[in-house]
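Worksheet: one structure, shown below.
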Amino acid sequence: MTSSAYPNFKIHFAGLFRQAGNHITTLDTSIRIELARTKQASHGDYSCNLAMQLAKPLHKNPREIASLLINALPPSPYLEKIEVAGAGFINLFLKNSAKQQYLQHVLQSKTAFGHSDFGQGKKIQVEFVSANPTGPLHVGHGRGAAIGASLSSILAAAGFNVSREFYVNDAGRQMDILTLSTWLRYLELNNIRVPFPENAYQGNYVKTMAQLIQQAHDQRYVHQPALLLEDLSENIHETGINTDEQLDQLIASAKKILGQDYAYIHNFVLTEQLGDCRNDLMEFGVEFDTWFSEQSLFDNGLVAHTIQLLEKKHYLYLQDGAVWFRSTDFGDEKDRVVQRENGQFTYFASDIAYHLNKFERGFDQMINIWGADHHGYIARVKGALQALELDPEKLEIALVQFAVLYRDGKKAPMSTRSGEFVTLRELRQEVGKDAARFFYVMRKSDQHLDFDLDLAKSQSNENPVYYVQYAHARVCSVLVQWDGDMNNLVNASAEALSSSAELALLQKLIDFPDTVEMAAKEFSPHLIAFYLRELASEFHSYYNSTRFLVPEIPLQHARLALIASIREVLNNGLRLLGVSAPDKM
RNA sequence: GUGCCCGUAGCUCAAUUGGAUAGAGCACCAGCCUUCUAAGCUGGGGGUUACAGGUUCGAUCCCUGUCGGGCAUGCCA
C-alpha cells in the first residue's frame, strides 16, 4: 500500500481520458485506455493512443478525434501542456512542480515506495526450485531459485498475497537410488566390496552421508550384502551394473535385506539432502513458506482419490496392464500413464493430485516455475485440471531456460550424474551471492542465459551489479559528509531542481512503481534489473556533472532530497532482487 | 518426422506486448581525477530486426512459407 495520497499519474490521466472519451462518444468497454511513457523528451512525459483506437469505430481522422478528446479532458493540477502529435498521439507534459513534489512522497514512503495495490490482495502461489532432494543444487536450479524468489518479492510489492512453495519429490525412484547409493558406500566403508552401479549417484556427498551414518551407528546397517548380488544376472562382473533393471533389482534386494532399516536410511538421506538444500537456498537469500511433501499425497490417500475422480469422469482406461489418462481429449499429443503395469503410480499421477490440492487450498492464481525441458509436460497437467473441472487459466507455467556458464570465453561443463557438475554453492563461493542473484535475473527468463563467470567476478565498470551498488554507496557517502537531519530533506522544497538531468531523474523515480507493477504483471523480474541499471546510469552522470554540497541551503537540500530518493529506490529495487545495497564499497 | 520456444549492432541482450527516429552493456577509438568514492563520467563509429510474402493508419511484435538454432517427444523423476 502506498503510504501517501500521491497519485499514480498513469491511472490519473487514464481516468480523465475515460471521461473525455465518454463525453464525445460511448466508449466500448473493450477499449483499454493506456498511458505510455514516451521515449523522447520532445514527446512529453506520457502519451495516449486512444484517438487512434477510436479512429476506426468513429470513422474519423485520428488527429481530429485527438483534438476533441483534448477539449473534453477535465482539468488536471499536474498537467502543464497537452498536444496532438504524429499520426494522432496525444502527448502530455507534466508540470515541473508535479515531479518535484514527488520527492516528498518517495522519502515518506521509504521502503514502501514502489508498492501498490495492483494485486488487490489476491492469493497467489509461486512454486519454484522443487528439485529432487538427491544431491546438491546446481547452477540450473540457481536460476529458477533467483527468478522465483525475485518474482515472489515483486508480486508481494505489487499487492499480492504471495505464498512461496517448494514441492519435495520424496516419494520416487530417484530417492530409492540415492538410498541404495548411500548404503553401498556405507558398505564400502565397512570394507565390504560390492560393485557400485554406474547409474547410481556418484557424487562425493553420497560418501559423506555414508560416513555420517557410520559415525553415528558404526556397523549396525551392514547386514548381509552377499544376498545383494544373488538376484543379479551372472555377467555383471564383466559388464558392470548399468541398466535400469539391474538397479531396480538392487533396490529391491536392499529393501529385502535391510527390512525396517531401509526406511531409516531413506529418511536419513532425505533429511540430510533437504537440510542441505534449505541451507543452500537460505544463504542465497531464498526462503519458502511451504515445503510440500509428495509422499504426503500418498500417505493421506489423495493420489488414489484423484485417480478415482478421473475414473468416475471416464477419463481413464486400461491398456497393456497400465492405467492411462486421456490427455489427448485436451490437446496433448498422446495419452499418459498414471499407474504402471506394476501397480505403482507415476510421477504424473502424484502431480495431478498435487495440483488438485493446490486448487483446494484456494489460491486465486498459481505460478509454476519450471525448467524449459519440462515444456512438454504443460499440456498433460493442464489437461488433467480440465478433466477435474478446474480452471487451467489459474495456473501459469513460467518456463526458465537454462543458464550456461562461461569461463575464459568457453562453456564450463556441467552434468548431473557424473559428480562433476557445478553446484550453486560453488557458484556463490566464486562470484558471491549478489552477483549471482543479479546475473540470473538480468535476462528475460524464457531466454537462454549466458552466465559469464569472469564478468560476474570482475570488480570493475564491466560488472552491472557493482555499477548499481556503487551508485547506492556514493549517495550514502555524500549524505554522511553532509551529516544533517533527514527530516530536513523530507520537507525540503524541490523547486530548485530544474535542470533537464534533474527533471529526467525525477521522472525516473516516478516510473519505479509502474515498473514494479509491470514486472508483476508480466512475471518479468528482469525489468527491475534493467530499471536499476538505467537509474544508476542517470545518477552517475548527474553525480559527475553536479555538486550536491553547495553553500546555498535550499539548492543543497533539494539536491540531497533527490539523491536520497534515488538511494531509496535503488535500495528497494535491489531488495526485490535479493541483492544487498552496501553503504560503502 | 511431429510439437513448443527462439533468430535484433562484431559479442551478450532490451524494446512499456501493435506505436513515433529500434535502445543498453561489453569490445574498439579519443578525452576527464588538487573539489561529495575514477567500481565513475563525456564524445565517436556501428542495423534492410534471418529471408520472402500478407494483415492495417502503423509490424521487431500478429498470420503463412523458407532457412538456421534450442528443447521435448519413456509404464523416468
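Given the structure is predicted, the values throughout are model-derived calculations rather than measurements. Below, chain A is the first sequence line, B the second, and so on; all start at residue 1.
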Handout entry: Under 3.5 Å donor-acceptor, A/Asp434 side chain and A/Ser580 backbone
Key = yes
Handout entry: Aromatic-base stack, A/Tyr467 on B/A39, cutoff 5.5 Å, angle under 30
Key = no
Problem - Phosphate-side-chain proximity, A/Lys56 and B/G18, N/O vs OP1/OP2 below 4.0 Å - result: no
Problem - Sub-4.5 Å side-chain heavy-atom contact between A/Thr515 and A/Phe530 - result: no
Practice task
Take atom C1' in B/G19 and the same atom in B/G25, then report the distance between them in whole Å.
Solution key: 26 Å
Problem - Sidechain N-carboxylate O distance under 4.0 Å for A/Lys358, A/Glu127 - result: yes
Problem - For A/Val381, the option from A/Arg336, A/His355, A/His374 that meets side chain to side chain contact (heavy atoms under 4.5 Å, CB included) - result: A/His355
Exercise for the section: Determine the interatomic distance between C1' on B/U48 and the same-named atom on B/G53; round to the nearest Å. Expected result: 15 Å
Problem - Contact letters for nucleotides 7-14 of chain B, in which S counts primed atoms plus P, OP1 and OP2 and B counts the base, heavy atoms under 4.0 Å - result: -----BSS
Exercise for the section: With syn defined as a glycosidic angle within 90° of 0 and anti as everything else, classify B/C33. Expected result: syn
Completion exercise
Re B/C26: Watson-Crick or G-U wobble partner, both distances kept under 3.5 Å, found to be B/G10
Completion exercise
For B/G31, the nucleotide meeting Watson-Crick or G-U wobble distances (both under 3.5 Å) is B/C41
Problem - Under 3.5 Å on both distances, the Watson-Crick or G-U partner of B/U21 - result: none
Exercise for the section: Take atom C1' in B/C11 and the same atom in B/U55, then report the distance between them in whole Å. Expected result: 35 Å
Practice task
Examine distances only and state if a side-chain atom of A/Ser67 and a backbone atom of A/Arg63 form a donor-acceptor pair shorter than 3.5 Å.
Solution key: yes
Completion exercise
Paired to B/G3 by Watson-Crick or G-U wobble criteria (both distances under 3.5 Å) is B/C71
Practice task
Decide yes or no for A/Ile563 and A/Tyr542: does some side-chain heavy atom of the first lie under 4.5 Å from some side-chain heavy atom of the second?
Solution key: yes
Problem - Short side-chain N/O contact from A/Arg340 to OP1 or OP2 of B/A77, under 4.0 Å - result: yes
Exercise for the section: May I ask you to evaluate whether A/Gln344 reaches the phosphate of B/C76, defined as a side-chain N or O under 4.0 Å from OP1 or OP2? Expected result: no
Practice task
Give one of base, sugar-phosphate or nothing for A/Gln40, where a contact means two heavy atoms less than 4.0 Å apart.
Solution key: base
Practice task
Would you confirm whether the ring centroid of A/Tyr543 sits within less than 6.0 angstrom of the ring centroid of A/Tyr470?
Solution key: no
Handout entry: Whole-Å distance separating the OH atom of A/Tyr543 from the C1' atom of B/U42
Key = 16 Å
Exercise for the section: Using both distances under 3.5 Å as the test, list the Watson-Crick or G-U wobble partner of B/C51, or none. Expected result: B/G65
Handout entry: Distance between P atoms of B/A14 and B/G7 (Å, rounded)
Key = 8 Å
Exercise for the section: Provide the distance between the two P atoms, one in B/C13 and one in B/U8, to the nearest whole Å. Expected result: 9 Å
